[in-house]
Amino acid sequence: MSLRILSVTHDLHGLTEVQRVSQHTDTLSASLRSTAGVEGLVTLATCNRLEFMIDSPKVPEAHLRLRLARELDSQPDWVVYEGEDALTHLFRVASGLESMVVGEREITGQLRRALKAAQASGDASGTLTSVINAALHTSRRVSAETRLQESGRSVVSVGLDMTGITDWENQRVLLVGTGSYAGAVVAALRQRGAGTIFVHSSSGRAIGFAERHAITPALDLDSALGRATLVVTCRGSATPVVTTANLKDATPTVLLDLSLQPDVDPAVASLPGITLLDLTAIQAAISPTWAADSAHAERIVAEGVHDISDRLASRAADPAVASLRAAMLRIVDEEVARLPQGRALTVEDCALALRHLTTKLLHTPSIRARDAAAEGRIADYLAAMEELYGIDIQPDFDVKSHRRCPVTGLSFADLATEPTEIR
């Protein structure tokens, strides 16, 4: 198998390193694409991972690393997956098992778009297309057969439970950002009976979001922080939006950061009287809840990897099958050309043509059979015939006794004969 994956991810390298390397995604992709021997390339770039999926049967891993090293001042510690390990990693990524929020579905769409982009540019080889489509199919099975896609909403619920707040009707909750969790946060707060909810968005989406969810927009962040008792962030910006400076005169005692990339500066946790909860803490709390679903998802992934591995292995015979088919069709064409012209064919004509065709098809195998018998390889020949044609031939002689050494002329039967004394 020629699949390789070079990756930098949030869990192994940290989001800062992912962001640093991702700035050079286009340059790195172009360098790999122009490498001799690289037959296909699909680049998956998200906020928490950069993955280069490469079809390169004859290119050493070290050469790929060298090409990437030329484009960066400081090399990341690339994680390299090859062969079946690469398939397993790809299927786990597609199914959301490698995500910060296990089971999240956004990665599936990102992978699908990455494949389409590679196909549009002519960079997606047949192997890459097959394995990525198989991974996407497996991700759909995981979605259909487990509840992991619900973990996004559970992250919100568990996070709110971890705040320790019980008097929700007296809370003034500031929602910062209108990202993927924002709607779920509003729904969960309403279920708890939260008294006041207002939303701030530096991108200008707060007013529209507030109208759709019947909450109050907050145009000034510092002012809103001064009124809030609980802050929930789900903006996902490249830099924190809530810092220690923002909280100098603010009233909240709990901040719940639901972003993959921190919206709240970690230094906030050191402020007196402040509790900061992030996705890492929440995931640690909810992982046991999804243990059974995660285990089932792992089994689905293993089945998907096994299936595509078998399909890829069977392709090794494709060139041989294509050559055999072409050779047989050439013989058929020759026989068709020999048929009588200008009149209707009789049964005798067809029978004669079929017999002649059969004779030609069997000519080379027959010669090979006689050669194999003469050289003591008839058992190998018969085994090959059974493998190719399903014909099980049981010879009525002891094959071993006819296998002779080409130098001494001795056979196994000769070795079994008691030696005679020469006087």
Side-chain angles (χ1 to χ4, degrees), residues 1-13 17-18 20-22 24-46 48-72 74-95 97-99 107-108 110-139 301-302 304-316 318-319:
M1 189 186 307
S2 59
L3 177 64
R4 285 195 184 96
I5 299 178
L6 275 67
S7 70
V8 177
T9 60
H10 65 91
D11 52 338
L12 298 178
H13 303 85
E17 182 71 346
V18 173
R20 181 185 73 85
V21 180
S22 295
H24 307 279
T25 297
D26 292 342
T27 302
L28 295 172
S29 295
S31 180
L32 289 172
R33 194 181 301 115
S34 62
T35 301
V38 171
E39 298 180 2
L41 173 68
V42 174
T43 302
L44 175 64
T46 74
N48 59 0
R49 67 179 58 251
L50 175 61
E51 311 257 5
F52 293 115
M53 288 159 273
I54 309 166
D55 182 6
S56 54
K58 300 178 181 179
V59 183
E61 172 200 330
H63 187 58
L64 296 174
R65 285 178 178 269
L66 180 61
R67 294 288 298 190
L68 295 176
R70 294 174 180 174
E71 309 300 334
L72 297 172
S74 175
Q75 267 296 94
D77 183 17
W78 295 104
V79 176
V80 181
Y81 303 91
E82 297 187 278
E84 190 159 318
D85 288 340
L87 286 176
T88 300
H89 175 72
L90 171 60
F91 277 54
R92 285 177 55 81
V93 168
S95 300
L97 296 178
E98 295 284 350
S99 299
I107 187 65
T108 304
Q110 292 168 331
L111 181 58
R112 184 181 297 109
R113 289 191 291 274
L115 175 59
K116 287 184 177 180
Q119 289 173 325
S121 63
D123 294 327
S125 65
T127 296
L128 287 177
T129 300
S130 295
V131 299
I132 293 176
N133 279 329
L136 292 171
H137 173 74
T138 294
S139 76
V301 165
V305 170
H306 181 269
D307 289 345
I308 190 63
S309 294
D310 285 349
R311 280 160 49 193
L312 292 175
S314 68
R315 287 186 178 180
D318 287 354

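All residue numbers refer to positions in the sequence shown, counting from 1.
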Minimum heavy-atom separation for V8 and P76, please, with both atom names.
CG2-CB, 4.0 Å

Test item: H63 and S56 side chains (from C-beta on) under 4.5 Å apart, heavy atoms:
no

In Å and rounded to the nearest 0.5 Å, what is the CG to OG distance from L41 to S34?
10.0 Å

Gap separating the CZ atom of R92 from the OG atom of S139, nearest 0.5 angstrom:
14.0 Å

For a side chain to side chain contact (heavy atoms under 4.5 Å, CB included) check, start with the C-alpha distance between T43 and L28, then their side-chain angles and the critical distance, and finish with the verdict.
CA-CA 10 Å; T43 302; L28 295 172; over 6 Å; no

How far apart are the closest heavy atoms of A135 and A94, and which atoms are they?
O-CB, 3.7 Å

Heavy atoms, side chains only, cut-off 4.5 Å: are L44 and I107 in contact?
yes

Of I308, V301, D307, which is the lone residue that meets side chain to side chain contact (heavy atoms under 4.5 Å, CB included) with T138?
V301

By side-chain hydrogen bond (donor to acceptor under 3.5 Å, both in side chains), R65 pairs with (sequence neighbours left out) E61

Taking C-beta and beyond as the side chain, do V79 and T9 meet within less than 4.5 Å on heavy atoms?
no

Sequence neighbours left out, what passes side-chain contact (heavy atoms from CB on, under 4.5 Å) with H306? Give chain and number order.
D310

Inter-residue atom distance R67.CZ - I54.CD1, 0.5 Å rounding
11.5 Å

For W78 and F52, take the angle between the two ring planes, folded into 0 to 90°, and tell me which bin it lands in: parallel under 30, tilted 30 to 60, perpendicular over 60.
tilted

Between V42 and E51, is there a side-chain heavy-atom distance shorter than 4.5 Å?
no

Run the side chain to side chain contact (heavy atoms under 4.5 Å, CB included) check on M53 and L111 step by step: do they pass?
CA-CA 11 Å; M53 288 159 273; L111 181 58; 4.0 Å; yes

At what distance, to the nearest 0.5 angstrom, does CZ of F91 lie from CD of E98?
13.5 Å

I'd like to know if the side chain of T25 and the backbone of S22 have a donor-acceptor N/O pair within less than 3.5 Å.
yes

Would a distance-only check, ignoring hydrogens and angles, find a side-chain to backbone donor-acceptor pair under 3.5 Å from N133 to T129?
yes

Pairwise distance OG1(T127) to CZ(R311) - rounded to 0.5 angstrom
11.0 Å

Mind checking the OG1-OH spacing from T88 to Y81? Nearest 0.5 Å is all I need.
10.5 Å

Looking at every heavy atom in both E71 and S31, which two are closest together, and how far apart are they?
OE2-OG, 3.6 Å

Are R113 and K116 close enough that some pair of their side-chain heavy atoms sits under 4.5 Å apart?
no

Would you say V131 and L312 make side-chain contact, with heavy atoms under 4.5 Å?
yes

Answer yes or no: is there a donor N or O on one side and an acceptor on the other, between the side chain of S121 and the main chain of A118, under 3.5 Å?
yes

Is there a donor-acceptor pair under 3.5 Å between the side chain of R20 and the backbone N or O of S74?
yes

Quick one: does S7's side chain get under 4.5 Å of R49's, heavy atoms only?
no

Test side chain to side chain contact (heavy atoms under 4.5 Å, CB included) applied to L32 and T27, L64, L6, the passing residue:
L64

Please check if the side chain of R4 supplies one atom and the backbone of V59 the other of a donor-acceptor pair under 3.5 Å.
yes

